[in-house]
Visitor: 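Below: one structure in structure tokens.
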Amino acid sequence: MELKSIKDEFDRVANKHKLSYTKTHEIVQLLSQEIHKALSLIQDTQFDHRSILLDVKKLFMERSPGTQLESAEKELNVALTKYPKVLEKQLNSEISKAYRNNVEFDTHVVNQIIANFFYRQGMFEIGDCFVAETGESECTTRQSFVEMFMILEAMKGRDLEPALNWAAANSEKLKQARSDLEMKLHSLQFLKISQGQNSQEALSYARRHLAVYADSCLSEIQKLVCSLLWDKNLEQSPYSEFLSPVMWDNAVRELTRQYCNLLGESSESPLSVTVTAGTQALPVLLKYMNVIANKKLDWQTMEQLPVAVELPGEFQFHSVFVCPVSKEQSSEDNPPMMMSCGHVLCKQTITRMSKNGAKTSFKCPYCPTDVDSTRCKQLHF
Amino acid sequence: MEIDDPLTNGNTDAVMTESAPPFTPSPPVPASRSSQLTESLKLEHQLLRVPFEHYKKTIRANHRCLEKEVTAFVSGVGDLADNNRSKDVTVSRLTGLVSRLQGLKRKLEEGSNVENLQAQRCRARIDHLDSADGDNITEWNNTKLKRILVDYMLRMSYFDTASKLSETSNILDLVDIDIFREAKKVIDALKRREVASALAWCADNKTRLKKAKSKFEFQLRLQEFIELVRANSYKQAIHYARKHLAPWGATHMNDLQPVLATLAFKSTTECTKYKVLFELGQWDILVHQFKQEFCKLYGMTMEPLLNIYLQAGLSALKTPYGFEEGCTKEDPLSQESFRKLALPLPYSKQEHSKLVCYISKELMDTENPPLVFPNGYVYSTKALKEMADKNKGEVKCPRTGLVCNYTDLVKAYIS
């Protein structure tokens, strides 16, 4: 796809448009001039008004403004007709080809998803407007997100109070999720105090709140405490990184993640994840539709997509094992089995390769090791 | 890097057999980020086409108007020249023509301003597509999502939220609020069982509809005829038919005949074939047809963009694991609402194994290979190494509690 050819073609349209306007303007100017001339001649002089008018009429017939207008428009028309063809060539004009018409989305469910999205992004006014306009019931997560954004707003203003309170209240769950949020927040608070040049207070804060992390984060704590030595010129110390906003950004991100997780939501908006996945999946599906154009397909009722969409790693939420021999996805009935050489096949393949138990050993398709089919270990991902 | 697919070149019939072989892209390498970006930009036909069609329509309408005015003006002058009138009458007529020309000039300029604004909008969109690159892709995608949401809201007629969202997100140039409002006017009128707006719309777009061999206007006329019959205004109905339906007779006789025959029935008839024609549901069909014609004219999809992207995305993400209890919350399909939507959609297909470590949630690949406990449970090397370093070389399976030494773990080879 070349954006340049679209740009060039549109430039051409714009140029032809300008030309057409100039020409049209000229024609109208001409008409105006002649008619004004005629009027003033008739009004101010003694010439016969009829002959003046006949002259004007003759002039108009010669110049034929109607035809001139047409020809001015003609070239523009050609450009106007060509541009959509260029668009259709460069872009995919039928993206609904891969759409399943028999599947109707429940409007209420979609609206709920959208409302949730707005609240999660902190767009409360728009979310409320949307809920009011659609007549949907109040979104249950709204209040939680309001609180989250209050905490985040405070953090933006370098006020850690609400964040620390929330973290303390949910300390157990944060520990379970193996999150280092509390430690991060306390570190930031420590830095804040130390930059207020109150080393004594900072140290006592450290003793109260950072000491508990000594076994897991000793080196970080050491760095923090050392930075106290440079309280007036931290920028010139080896610990200047503590001045950068990156630490705050990381803390904000971690808090958002943990907050959402505890709410039972994902850390990334599910709507944007799905739409981004859709953006990547559509070209593959459309290409497939084009190839299969003539063949009958049960596109509307199929159980599984006929083509694989390779999504980047961040869209992989579950382990999926595909047997390299049978190309089947593993399931409870057909789990992955590791052979003694370390290679993994699905159970059915192993059964098949050992001829349903007729042979006890066969050769691994990857390395020429002899494999005992009874000594394969079932794997759990 | 573009994946060159030999199947799309040449005669597909010759290549595909009845038992269609599985469609596999040639090398199993994920497309590079830039070609992915190009592919996603290719989906944006509607973004560029809609304002352009609007621009084209305005230009043509303005031009038609102008032509008419100029022709009238010239013939006005010619008229005046041919007929013998007194000087005073001539002067007054001429002055009238002059002021008409002034009006024309003003209209020309106003029209040109409108056209230029519309051209600007077209260009703004091309520039927007141009602005997408690897660095700002997250923000660009964010804007895309908002655009898609506005498109959805416009189609559902949630105009307030659509305007608000467009304003606050600064995407007014990238959305087509006014075009949808225009459509809504016609749809609302049709819902009130009035064909006037729809007919006006057909007149406005006469040439395009004719080129597309559309019979929408004809269907509107048929419905008006039926309404006259329903009201028992037979004389009016016949008169109407002579004026408006007859011209379509040559090409659409099959449609015309049953409708005309309704004259012989009362609107409460039980005869099924004709009962259908009297049903108020016919108006809903007209609304649907209008939407189709409208979308086709402007190069828009019939369905909201949101639905199209959601369907594709949900299918691509749908796995049986997403429906299990205790499934990770990161999967959109763990959410109840997404599950509901995804229920009738096909599952995703995976060609290659992709394994995610239970502990770190990272991919287990050649750089971070899977390690197997003696009981068959698998975790990533990185996660287990970290655990071992903190526990004097011992590792514990978080799911079964089995403890063993790091050195007892076996590496698994997954292709």
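Naming: A, B, ... by sequence-line order, numbering from 1 per chain. Keep in mind that the numbers below use all heavy atoms, side chains included, and drop hydrogens, waters and symmetry copies.
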Visitor: Begin from the C-alpha positions of B:L101 and A:H36 and carry the test side-chain contact (heavy atoms from CB on, under 4.5 Å) through to its verdict.
Guide: CA-CA 10 Å; B:L101 198 64; A:H36 270 105; over 6 Å; no
Visitor: Give a yes or no on whether the backbone of B:L310 and the side-chain of A:T274 come within a donor-acceptor separation of less than 3.5 Å.
Guide: no
Visitor: Please determine whether a side-chain nitrogen of the Lys or Arg among B:R60 and A:E73 lies less than 4.0 Å from a carboxylate oxygen of the Asp or Glu.
Guide: no
Visitor: In Å and rounded to the nearest 0.5 Å, what is the CD1 to CD distance from A:I95 to B:Q46?
Guide: 7.0 Å
Visitor: Is it the case that the side chains of B:K349 and A:Q329 hold a donor-acceptor pair, with the cut-off being a distance below 3.5 Å and no angle test?
Guide: no
Visitor: Is it true that B:K354 and A:E310 make a salt bridge, defined as a side-chain N closer than 4.0 Å to a carboxylate O?
Guide: yes
Visitor: Can we call the ring centroids of A:Y83 and B:F52 under 6.0 Å apart?
Guide: yes
Visitor: Does some side-chain heavy atom of A:V110 sit less than 4.5 Å from a side-chain heavy atom of B:Y152?
Guide: yes
Visitor: Do A:H380 and B:V378 have side chains that approach each other closer than 4.5 Å (heavy atoms only, starting at C-beta)?
Guide: no
Visitor: Just do the side-chain contact (heavy atoms from CB on, under 4.5 Å) check on B:K42 and A:Q90 with the steps written out, would you?
Guide: CA-CA 7 Å; B:K42 266 163 94 164; A:Q90 295 291 338; over 6 Å; no
Visitor: Are any of the side-chain heavy atoms of A:K57 and B:V74 separated by less than 4.5 Å?
Guide: no
Visitor: Measuring only between side-chain heavy atoms, which start at C-beta, is B:I414 closer than 4.5 Å to A:H343?
Guide: no
Visitor: Return the minimal non-hydrogen interatomic distance between B:F159 and A:E133, and the atom names on each side.
Guide: N-OE2, 2.9 Å
Visitor: Mind checking whether A:H318 and B:C327 have side chains closer than 4.5 Å, heavy atoms only?
Guide: yes
Visitor: Can you say whether B:N141 sits under 4.5 Å from chain A via the side chain, the backbone, both, or neither, judging by heavy atoms?
Guide: side chain
Visitor: Flag the pair A:L69 / B:H63 as yes when at least one side-chain heavy-atom distance between them is below 4.5 Å, and no otherwise.
Guide: yes
Visitor: Who passes side-chain hydrogen bond (donor to acceptor under 3.5 Å, both in side chains) against A:H17, sequence neighbours left out?
Guide: B:Y55, B:E115
Visitor: Can you check whether B:N375 reaches A:K377 side chain to side chain, under 4.5 Å on heavy atoms?
Guide: no
Visitor: Apply side-chain contact (heavy atoms from CB on, under 4.5 Å) to the pair B:T161 and A:T134, showing each step before the final yes or no.
Guide: CA-CA 9 Å; B:T161 323; A:T134 57; over 6 Å; no
Visitor: Do A:F130 and B:Y158 have ring centres separated by under 6.0 Å?
Guide: yes
Visitor: Run the side-chain hydrogen bond (donor to acceptor under 3.5 Å, both in side chains) test against A:D128 and tell me which residues pass, sequence neighbours left out.
Guide: A:Y119, A:R142
Visitor: Contact between B:F338 and A:V109 at the side-chain level, heavy atoms closer than 4.5 Å - yes or no?
Guide: no
Visitor: With a 4.0 Å cut-off, would you call A:K7 and B:D130 a salt bridge?
Guide: yes
Visitor: Measure A:N77 against the heavy atoms of chain B and call it side chain, backbone, both or neither at under 4.5 Å.
Guide: both
Visitor: For B:K361, look at atom NZ and say whether over 12 heavy atoms of other residues, nucleotides or ligands are found less than 6.0 Å away.
Guide: yes
Visitor: With rounding to the nearest 0.5 Å, note down the distance linking NZ in B:K340 to CG in A:D106.
Guide: 7.0 Å
